[in-house]
Amino acid sequence: MPNAKLQNYLHFHFIVFVWGFTAILGELISIEALPLVWYRMLMASGFIYLYIHWRKISLKISKKLLITLCIAGAIIALHWITFFAAIKVSNVSITLAVLSTGAFFTSILEPIFYKRKLIWYEVVFGLIVISGLYIIFNVEGDYFLGIIYALCSAFLSSVFSLINGKIAKQYTSSMISFYELLSGVGFVTIYLIITSFLGNGNDGFSLSFFQLSTLDWVYLIVLASVCTAYAFIGSVQVMKYLSPYTVMLTINLEPIYGIVLAYLIFGDSEKMNPGFYYGALIILSTVVLNGVFKNIKKIKRQRS
């Protein structure tokens, strides 16, 4: 492996490790999922704007693209809200294990988005993933709500990736991300303003919404700068040197990194029933096998 490729491969592993740490920060930050996402998206869009300004990247886009990015921004906001909500009502291990099902939501939705035929082995793998989820539901029934939130988050992540897949090849990734994050902030802000006027307790903007502890500010800055802005820009850069297959396999390590980190940091609160690990292993193994099958199919297509 050439030196440049090895460096980027190791760099991408670090980025995936950083993504795994996102769930840890979600557990450490004391505020609820909605304000957490609002602060994350607002601060991250600011950091990415500074990067865009430094690199002198144009922000001019068409009205049609802006509408698409606003929809994607709302979806990624909902994805993060359900992701952090899952962590708050269950734990990091449950959330990351169930979030791995996103690859199979993509397998189901991709034929609809890109108008292609459904692949037989994706259906089989989807059924295996459902069996893994069934095991987790059976042994960790107390975390039912967390599992549901995580499934919603995985589905929304899949929809977001499919929307981005159609536009990422045509436009600058940092520009796309900036508008998506900013529109996501706008989407959450509108909801918070409405709930403020309706007077739904602490759901909207209030004095307490802006009263964060020093530790929460520190964690939020790390989340927005390192785990969001840096990780996004860095991942785009390394993908120029790595194959899609290498990228896919490496990303699958995210829940493993996160679960191990959660156990080391939070201890017994992250210790699960053995059945959970069987179910999680089934899901993760199936995700990897899906990637292997896709890579074999791609190699055969290139040779023919």
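Just the heavy atoms: all of them, side chains too, but no hydrogens, waters or symmetry mates, feed the values below. Treat the numbers as computed from the prediction; the structure is a model and nothing was measured. Nothing fancy with the numbering, it's 1 onward along the sequence.
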**Message:** Centre-to-centre under 6.0 Å for W217 and Y39, is that the case here?
**Reply:**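 Yes, they do, as the ring centres are separated by less than 6.0 Å.
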**Asked** Are F14 and F21 close enough that their ring centers fall under 6.0 Å?
**Response** no
Any side-chain heavy-atom pair from [X] and [Y] closer than 4.5 angstrom?
X: Y219; Y: E27; answer: no
X: L36; Y: E32; answer: no
X: T22; Y: R40; answer: yes
X: V124; Y: I128; answer: yes
X: M175; Y: I48; answer: no
X: S174; Y: Y51; answer: yes
X: E180; Y: I167; answer: yes
X: L99; Y: P255; answer: no

Please answer: with hydrophobic residues joined when any side-chain heavy atoms are less than 4.5 Å apart, are [X] and [Y] in the same cluster?
X: I108; Y: I283; value: no
X: V218; Y: V18; value: no
X: Y263; Y: F266; value: no
X: V129; Y: Y278; value: no
X: V226; Y: F178; value: yes

**side-chain contact (heavy atoms from CB on, under 4.5 Å) assessment of V92 paired with I259** = CA-CA 7 Å; V92 173; I259 289 170; 5.6 Å; no
Backbone N/O of [Y] and side chain of [X]: donor-acceptor pair under 3.5 Å:
X: S177; Y: S173; value: no
X: K88; Y: F83; value: no
X: S90; Y: A86; value: yes
X: H79; Y: S153; value: yes

Please find the pair of heavy atoms, one from [X] and one from [Y], that lie closest to each other, and give the distance.
X: T228; Y: A44; value: CG2-CB, 3.5 Å
X: G26; Y: I87; value: C-CG2, 4.2 Å
X: I176; Y: N164; value: CG2-OD1, 4.0 Å
X: P35; Y: F209; value: CB-CE1, 3.4 Å
X: L192; Y: L34; value: CD2-CD2, 3.5 Å
X: C227; Y: L25; value: SG-CD1, 3.7 Å

**Message:** Does atom CZ (F17) have a neighbourhood of more than 12 heavy atoms from anything else shown, all under 6.0 Å?
**Reply:**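 No, because the 6.0 Å sphere around CZ of F17 holds 12 heavy atoms or fewer from other groups.
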**Message:** Please determine whether side-chain contact (heavy atoms from CB on, under 4.5 Å) holds for the pair L133 and L151, giving the CA-CA distance in whole Å, both sets of side-chain angles, and the decisive distance to 0.1 Å.
**Reply:** CA-CA 10 Å; L133 278 173; L151 277 172; 3.8 Å; yes
**Prompt:** Looking at F205, Y191, F84, which one forms a ring-ring contact (aromatic ring centres under 6.0 Å, His included) with W38?
**Reply:**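 Only match with W38 under ring-ring contact (aromatic ring centres under 6.0 Å, His included): F205.
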Using residues 56-66 as the side-chain source, report each donor-acceptor pair under 3.5 Å to any protein atom, sequence neighbours left out, with the distance given to one decimal.
| residue | atom | partner | partner atom | Å |
| --- | --- | --- | --- | --- |
| S58 | OG | K60 | N | 3.3 |
| S62 | OG | L65 | N | 3.2 |

**Message:** For a side-chain contact (heavy atoms from CB on, under 4.5 Å) check, start with the C-alpha distance between T95 and N91, then their side-chain angles and the critical distance, and finish with the verdict.
**Reply:** CA-CA 6 Å; T95 303; N91 61 26; 5.7 Å; no
Spacing of [atom1] belonging to [X] relative to [atom2] belonging to [Y], to within rounding of 0.5 Å:
X: S285; Y: L281; atom1: OG; atom2: CG; answer: 4.0 Å
X: T101; Y: I130; atom1: OG1; atom2: CD1; answer: 10.0 Å
X: I24; Y: L223; atom1: CD1; atom2: CG; answer: 12.0 Å
X: I75; Y: F187; atom1: CD1; atom2: CZ; answer: 9.5 Å
X: I94; Y: I136; atom1: CD1; atom2: CD1; answer: 6.0 Å
X: I29; Y: L215; atom1: CD1; atom2: CG; answer: 9.5 Å

**Request:** Any ring pair (Phe, Tyr, Trp, His ring centres under 6.0 Å) involving residues 142-163? Give me the pairs, sequence neighbours left out, ordered by first then second residue.
**Result:** F105-F155, F137-F144
**Item:** Residues forming a side chain to side chain donor-acceptor pair (under 3.5 Å) with S30, sequence neighbours excluded
**Value:** D216
**Criterion side chain to side chain donor-acceptor pair (under 3.5 Å) on S208 and S206, from CA distance to verdict** = CA-CA 5 Å; S208 62; S206 62; 2.9 Å; yes
